[in-house]
K.L.:
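What follows is a single structure, and I will ask about it in a moment.
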Amino acid sequence: MKRVSGNTVALLILLFVVGGLTGQASDNDKGYFFVHLSDPQYGFLDGDRSHDREVSMMDTVVGFVNRMKPPFIVVTGDFVNQSHNDVQVAAWKESLSAIDPDIQVYMVPGNHDIGNKPDKAAYDRYESFYGDTKFSFRYGNDAFIGIDSNPLKNGDSIRERDQYEWLETQLDKVRDAGNLFVFMHHPLFLKKVTEKEKYSNLNQAMRDRYLSLFKKYGVDVVLTGHYHNTASAEVDGVRMFTAGAVGRALGSGFSGVNIVRVGDRRVNVSYVELARLPHMSEDPVHCSYKGLVMAGYQGWFNAEGDGLKRGFYHYKDKRTGTFRPGAASVDMWPDMSEYAQSYPTEFRMEDGSVATVFSSADKSTTDLHFRWMREYGLDGVFMQRFVVEIKGKSGQRHFNQVLNNAVKASVANGRAMSLMYDLSGMNARDWRRVLDDVDNLSHSGLFTPMVNPAYLYHNGRPLVAVWGAGFNDRRRYGLDEIDSIVTGLRNRGYSVLLGVPTCWRTLTSDTESDPRLHDIISRCDIVMPWFVGRYDEQSFDRHMASVTADMEWCIERNIDYVPLAFPGFTWKNMKGPDATSIPRNGGSFLQKQLDAYISGGASMIYVAMFDEIDEGTAIFKCAQIVPIPSDGSIFVPSDTENDRYLRIVGKASEALKKRESKKIIILSDL
């Protein structure tokens, strides 16, 4: 390598550290955003006795839009619960007055704003309070039209006819629009165009009438409310999104707003709960992996009764398909003392009590796990998405639910999160599913800071990890498929972390000998070798020499390197009593790895895993007292305090940041 002066090296390190820890990254889909909200419905929560809670909810929305300053917002009706209630109307207008005057507000009426069977006096009253019942405007190259859907629902044929003619005239004027949006209170339908008419949708005749018009003039997006829950559908290129309520949510819904991102390539509509709005910004909160200690998050455990009908998935014995004394696939048992929701099993404790477990699909589980991350200082997690799981409806439903819960929990607890696609078990044709899944999640706003400020960026782009490249264990896919995935992700604007075997650098032992692996790695941002099960505490020192050589190889090629640490290993219930196990030694094994990586110059660390009790690598709280053992279900009790491994990882994160900050302090004096 070319020699440079000491001051030059110091300056390069300073720029590297400062950029890694504080650099800003921009959204990878340029454009603008606006906010669509519906059904604040002041007075609904407390039966018209008060509207204080709705005002507080709307204050959250107002605070968000004033801080983020979208060019406009659109409200699709039901501002108040009683159209004739002057106090509710005054409170709603006061909330609107708090919005920055530079932000335009457009509104169309809901049924509660004029009544289910409004007469001329009702419309006169509405217009005296709020203005016209419809609107049409352009922003940039895009067009926006709002209509009063009440005549479509209540059978006022004269008003519906007149408005239809006005709407068609407006649509004809904006044929040249880049994107064409239509807003109204009532959804045409919620999920299927053939669904029965109910209170929450329109009749079939009106659906057909307006869908035909929308298709004729190329309407791209229709945004509605009324349902107090979310729904979406697409018919012949017309995308329809029903927002939940700012006020009282119904069913399984939650209060929130639609954030609509209009970019160069696509319109993304994301429904965001009110609790996340104060945390949102245009720029990612977590701008680099550097300086962070992250863990893998499997999130694959189900339980009988969690609503997903997957049984005790990943707890149960694979041979018998059961989870009972003598049949289990997990070696460790979670400490259930803090879980809000637990699920009974057939196992018993020594005192005769029922042994319970958690479900990863349960929101309260995710909330607790991310709270532990915050309390103990773990910076965040890579959310595992197993290709063989997400290609099926059941697995996709489960992992989407876990991911949605994790987004909320990571934002609420200030933790970073990133996707990791695990290719284990994938066949050669399934590589496209990775890119399709990324595209779908991108459309939901997962990678957009405005929607998900918790997502981890690296080198100015959202970071996506792909695990399982170059292993020589007879996988049904190879480097051709890995190359296609990496190329597809890079072309889409993502940074890529590639998970590879331990001996990736030398192309020996557990690694394919094909040098193309190095070519693929060279096009990635980060390389992460898999070390689980490769050494124990006694043999780690010899392994560390290989880690040092890995780092040097990456430095020469300007690739970031993340070493992996794990607390121990056991899978005897899954593989049999003679299966490999690596002792935890009360945390000293994990501590030794983390200390060596930090002192050896690692700028980021991956811990396997947060919740992996199948293979005994979990760092979350595991039980010291476990269910009664029997052959096939002998559980390993925690060998130390239930939070020791979380504390060890948190201290490592603190030490890593302290080391990086010292570099900044020392070099700032140059």
Side-chain angles (χ1 to χ4, degrees), residues 1-4 9 12-13 15-17 19-20 23 25 28 287-290 292 294 382 387 418-423 426 428 431-432 434-435 438 447 456-473 475 477-531 534 545-564 597 600-606:
M1 295 180 65
K2 183 187 292 185
R3 290 186 178 274
V4 293
V9 172
L12 289 172
I13 294 174
L15 293 173
F16 172 78
V17 172
N28 63 330
C287 300
S288 176
Y289 194 171
K290 293 173 184 176
L292 305 184
M294 302 276 287
F382 283 88
V387 175
S418 180
L419 293 184
M420 178 174 282
Y421 287 93
D422 190 321
L423 310 185
M426 184 183 82
W431 66 267
R432 292 180 180 85
V434 174
L435 300 181
V438 165
F447 310 107
L456 178 61
Y457 274 52
H458 191 79
N459 290 340
R461 301 180 300 274
L463 178 63
V464 175
V466 179
W467 189 91
F471 288 82
N472 64 0
D473 52 3
R475 300 190 173 214
Y477 63 89
L479 293 181
D480 287 342
E481 290 72 35
I482 298 296
D483 194 350
S484 296
I485 293 172
V486 170
T487 299
L489 290 173
R490 296 289 296 180
N491 288 344
R492 285 164 168 78
Y494 298 97
S495 291
V496 180
L497 181 155
L498 195 65
V500 296
T502 299
C503 298
W504 62 275
R505 177 175 44 82
T506 58
L507 302 176
T508 58
S509 187
D510 58 353
T511 310
E512 290 186 47
S513 59
D514 191 336
R516 282 194 304 156
L517 177 61
H518 288 174
D519 295 334
I520 296 172
I521 290 172
S522 69
R523 290 187 284 112
C524 296
D525 299 79
I526 307 173
V527 62
M528 184 198 77
W530 186 248
F531 295 156
R534 303 302 196 263
S546 179
V547 171
T548 301
D550 285 353
M551 290 182 180
E552 292 173 352
W553 190 96
C554 289
I555 289 172
E556 291 176 357
R557 293 160 178 80
N558 197 30
I559 301 168
D560 290 320
Y561 177 85
V562 55
L564 179 150
Y597 295 153
S603 62
M604 60 192 89
I605 295 173
Y606 182 95

K.L.:
Taking side-chain contact (heavy atoms from CB on, under 4.5 Å) as the test, write out the residues that go with Asp514, two or more places apart.
P.N.:
Leu479, Glu512, Arg516
K.L.:
Nearest 0.5 Å please: distance from the CG atom of Asn472 over to the OG1 atom of Thr508.
P.N.:
9.5 Å
K.L.:
Would a 4.5 Å heavy-atom cut-off, applied to side chains only, mark Ile485 and Tyr421 as touching?
P.N.:
no
K.L.:
Is a side-chain donor or acceptor of Ser603 paired with a backbone partner of Lys290 at a separation under 3.5 angstrom?
P.N.:
no
K.L.:
Tell me yes or no: between the side chains of Asp480 and Trp431, is some donor less than 3.5 Å from an acceptor?
P.N.:
no
K.L.:
To the nearest 0.5 Å, how far apart are CH2 in Trp553 and CZ in Arg505?
P.N.:
9.5 Å
K.L.:
Taking the side chain as every heavy atom from C-beta outward, state whether Val527 and Cys554 have any atom pair closer than 4.5 Å.
P.N.:
yes
K.L.:
Considering the options Leu497, Asn459, Ile521, Val496, which one meets the side chain to side chain contact (heavy atoms under 4.5 Å, CB included) requirement together with Ile526?
P.N.:
Leu497
K.L.:
What distance separates Ser484 OG from Tyr477 OH, expressed to the nearest 0.5 Å?
P.N.:
13.5 Å
K.L.:
Is the number of heavy atoms from other residues, nucleotides or ligands under 6.0 Å of Asp473 CG greater than 12?
P.N.:
yes
K.L.:
Using 0.5 Å steps for rounding, measure from the CZ atom of Arg461 to the CZ atom of Arg490.
P.N.:
4.0 Å
K.L.:
State the OH-CE distance between Tyr597 and Met551, to the nearest 0.5 angstrom.
P.N.:
8.0 Å
K.L.:
What do you reckon, are the aromatic ring centroids of Tyr289 and Phe382 less than 6.0 Å apart?
P.N.:
yes
K.L.:
Could you tell me whether the side chain of Glu481 and the main chain of Gly478 form a donor-acceptor pair under 3.5 Å?
P.N.:
yes
K.L.:
What residues form a side-chain contact (heavy atoms from CB on, under 4.5 Å) with Ala469, not counting sequence neighbours?
P.N.:
Ile482, Leu498, Val500, Leu517
K.L.:
Look only at the side chain of Asp510 and the backbone of Cys503, and say whether a donor-acceptor pair between them is shorter than 3.5 Å.
P.N.:
yes
K.L.:
List the atom of Trp504, the atom of Tyr561, and the distance in Å for their closest heavy-atom pair.
P.N.:
CZ2-CE1, 4.0 Å
K.L.:
Taking the side chain as every heavy atom from C-beta outward, state whether Asp560 and His458 have any atom pair closer than 4.5 Å.
P.N.:
yes
K.L.:
Would you call the rings of Trp467 and Trp530 parallel, tilted or perpendicular, where under 30° means parallel and over 60° means perpendicular?
P.N.:
perpendicular
K.L.:
Can you name the nearest heavy-atom pair linking Asp550 to Pro529, along with the distance?
P.N.:
OD2-CG, 4.3 Å
K.L.:
Any idea which heavy atoms bring Met528 and Tyr606 closest together, and the distance?
P.N.:
SD-CG, 3.3 Å
K.L.:
Between Thr487 and Asn491, does any side-chain donor sit less than 3.5 Å from a side-chain acceptor?
P.N.:
no
K.L.:
Measure the CG-CG distance between Leu292 and Leu456 for me, rounded to the nearest 0.5 Å.
P.N.:
6.5 Å
K.L.:
So, do Val486 and Cys524 sit near enough that their side-chain heavy atoms are less than 4.5 Å apart?
P.N.:
yes
K.L.:
Mark yes or no for whether Tyr494, through its side chain, and Ala465, through its backbone, hold a donor-acceptor pair below 3.5 Å.
P.N.:
no
